[in-house]
Amino acid sequence: MARRRPPAGRSLPQLASDFGGQLPSARPSGDSGRERHREEAALLRPPAPARGHARPGHGWSPVAAPLVVYRASTAEVGGIFPLLTANGLPPTGALIGYDALTAGGFYVDPVGWVLNQIVTNPNLIFFGKPGQGKSTTVKALLLRMMLFGARVLVAGDVKGEYEPLCHAVGVEPISLGLGLPVRINPLDLGPLGQSWDQLPAAERQARAALIFARWVVLLKALIGVRGITASPSDESALAMVVAELSGWSRGGGQLRAVTIPEVYDALARPTAQLAEQCRYPSVQRMVDATRQSTDALGTLVRGALAGLFDAPTTVRLDWNAPIQSLSLRRLNDLGDEVVGVALACVNSWSRAMTDLRRPGEITIVVRDEVWRQMRLGVGAVQSLDADLRLSRNDGEIQVIVAHKPSDLLAVGAAGSQEVAIAKDMMALCDTKVMFAQDPTIAEELAQLVGLTDIARDWVAGWARQRTGRAVWMVGDRVFKVTTVRTPLEVPLFDTNAALKAETGP
Ligand SMILES: Nc1ncnc2c1ncn2[C@@H]1O[C@H](COP(=O)(O)OP(=O)(O)O)[C@@H](O)[C@H]1O
Ligand SMILES: [Mg+2]
C-alpha cells in the first residue's frame, strides 16, 4: 500500500503539544506490535484483503488516508478530532446568529435555560469595547423575543438608539429632558403600593420594608455622587425621614410617595421629633452631623435632579405595549454627571415599576451604558446591584451592558469591597456575553468570569476581527457566536444610521 506524506502544516503530535497535551507515540513496531495489530485488524475489520475483494463493485480506493495512525484515549481524541458535537443548547427562544464552531444556529432563551437548569438565573451581562455590536445584539434579542410575547423596558436609553426600534413596533419612547413635561419620581411606590388599603397589615409591613430599602439605597447613591459616603448614622436618618414623610411612622399603615426635595428639606430643617428619633441631643447637633450628606443631596436637588426627578411622576408605563423606553438622549449635553444621576434614578424607578408584574409574562429590563452610572461611585454600583438582586419576579430578564470589568469596580472604593460587588454582579448574571476586548482587558475579564485561556484568546483575537462576534458563556458552557442582522433590521439597529437620520446626510 503506497504511503502518502502527511499534508504540510502542524502534525497531530505538534498540534496536541501546542495545546498542552501529549499524544502517545505511534503504534509500536516490531514482531509483537505487528502481532497485536493483526489481532486488532481481525477484530475491527471485515475479513477482506487490504484493497478489498477483487470483484466489480467490491474493491476500495487504493489511496491511503494521509495520516499516521495513533492510539489515544477518548479524552485526548476529543480535544483534537475536528468532529464537533452539537452545542447542547436547545433550539428555543430568539435566534441570534450562528455558532462559529458548529455553524449551527444560536438561540437565546434565558427563561428556558433556567427551566432546563443550564443557568441559575436568566440575567445577561454584556462586555465589550465601544462599537463592537453589544447594543445591536441586545436590540436583536429584544425584537426577536417580542415575537414570544416578551415585554421590554429600556431603563435609560442614553444615546436614543432604541428609539428607531420603538417606532418600528409603533411605540413612542418616553423622553426625559429639561423643558419637557415628563417627570419621574424615583421615590415612587410603584405597583407595590397598589390597592394599599386592602392589603393585610403583614403584607403592608413587608412591602413598606422593600420600598424603603430601595429608596435609601438610591438616596445613598445620590449622596455618593459628590464623593460623600453616607455614614451609618446618615443612613438611619434617611430611613427615619422617609418613614416620617411617607406617613408610615405615624402608624395606621398609611404610605405615600415622597420626593427627593422633601427628603432634603426634612434633613436640612429637621423637626425636634426627628432629631430625637435619630438620637441626636438637639436639632442643631443633627443638622451639624448630617450636614455633608444633606448638602450633597441639596446640590443635586438644585442641579442634576432639577426639573426631571424632583416631582411626582407624570407618566405611566404601558405594559400592554411590546416595548417601553425612557430616552435620556436630550440629557447628553448636560454632562456625564447628569446622565449618571438620571440612570441611577431611572434604574431604581424601573425596578419599582416591574415589581409585581403579572406572573407568567416575560419582561426584559435593559440597562445599556451602565458604566456611566458606575462612575458615580460605590453607592451607585450598590444601587444597581440591589436593583438586580431585589427584582422579585419570575420571568424577568435583566440585561446589563458594560464595557469592561473595571466598570463594576467603582472609583475610590476599598479594594475588597469592589471585588465583592463585582463578583456578586457576576453571580447575578449567569450569562456573560463578551465582545472584543484589548488583550489586557480580556485577561481581566477572564479572571473575573473564569474563562479558559482559549476563550480569553477568542475575546482578544477572533472577536476583534469582525463586529458582532462574541464569546457567550451560558452557565459554564462557552460558545463563539456571530450576531446576524436581517436587512430589515439593519436600519433599526444601526446606531450610525440612526444618528445620520437625525442630523441629515
Ligand atoms: N452583527 C453585526 N454585523 C454587522 N455590523 C454590526 C453588527 N453589530 C454591530 N455592527 C455595526 O457596529 C456598529 C456599532 O454597534 P453597536 O451595537 O452600537 O456597538 P456597541 O453597543 O458595542 O458600542 C453598528 O452601528 C453597526 O454598524
Ligand atoms: Mg452600545
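These numbers were taken from a predicted model, which means no experiment stands behind them. Indexing begins at 1, ligand by ligand and atom by atom, following the structure's order. Counting from 1, the numbers follow the sequence of the chain as shown.
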Under 4.0 Å between a Lys/Arg side-chain N and an Asp/Glu carboxylate O for [X] and [Y]?
{"X": "Lys404", "Y": "Asp438", "result": "no"}
{"X": "Asp494", "Y": "Arg485", "result": "yes"}
{"X": "Lys134", "Y": "Glu369", "result": "no"}

I'd like to check whether [X] has a polar contact with ligand 1, where a contact means an N/O of the residue lying under 3.5 Å from an N/O of the ligand.
{"X": "Gly131", "answer": "yes"}
{"X": "Thr137", "answer": "no"}
{"X": "Phe493", "answer": "no"}
{"X": "Arg466", "answer": "no"}

Option whose closest heavy atom lies nearest to atom 10 (N) of ligand 1, chosen from Thr483, Thr467, Asp494: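 Among Thr483, Thr467, Asp494, the closest heavy atom to atom 10 (N) of ligand 1 comes from Thr467.
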
Please could you name the atoms of ligand 1 that Pro130 approaches to less than 4.0 Å, counting only its heavy atoms?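 This gives 23 (O) as the contact atoms.
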
For Gly468, take its heavy atoms, then give the atoms of ligand 1 lying under 4.0 Å from any of them. 1 (N), 2 (C)

Glu163 vs Ser327, test: side-chain hydrogen bond (donor to acceptor under 3.5 Å, both in side chains). Steps then yes/no. CA-CA 8 Å; Glu163 290 181 13; Ser327 175; 2.6 Å; yes

Donor-acceptor side-chain pairing of Asn347 and Ser350 below 3.5 angstrom: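 Not at all, the side chains of Asn347 and Ser350 share no donor-acceptor pair under 3.5 Å.
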
Any N/O/S atom from Thr136 (main chain or side chain) under 2.8 Å of the Mg ion (ligand 2)? no

Test of ring centre spacing under 6.0 Å for Phe479 and Phe106: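 Ring centres of Phe106 and Phe479 closer than 6.0 Å.
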
Side chain, backbone, both or neither: the part of Arg485 lying under 4.0 Å from ligand 1 by heavy atom: side chain

Could you check whether any side-chain N or O of Gln398 sits under 3.5 Å from a backbone N or O of Arg367, counting only pairs where one atom can act as donor and the other as acceptor? no

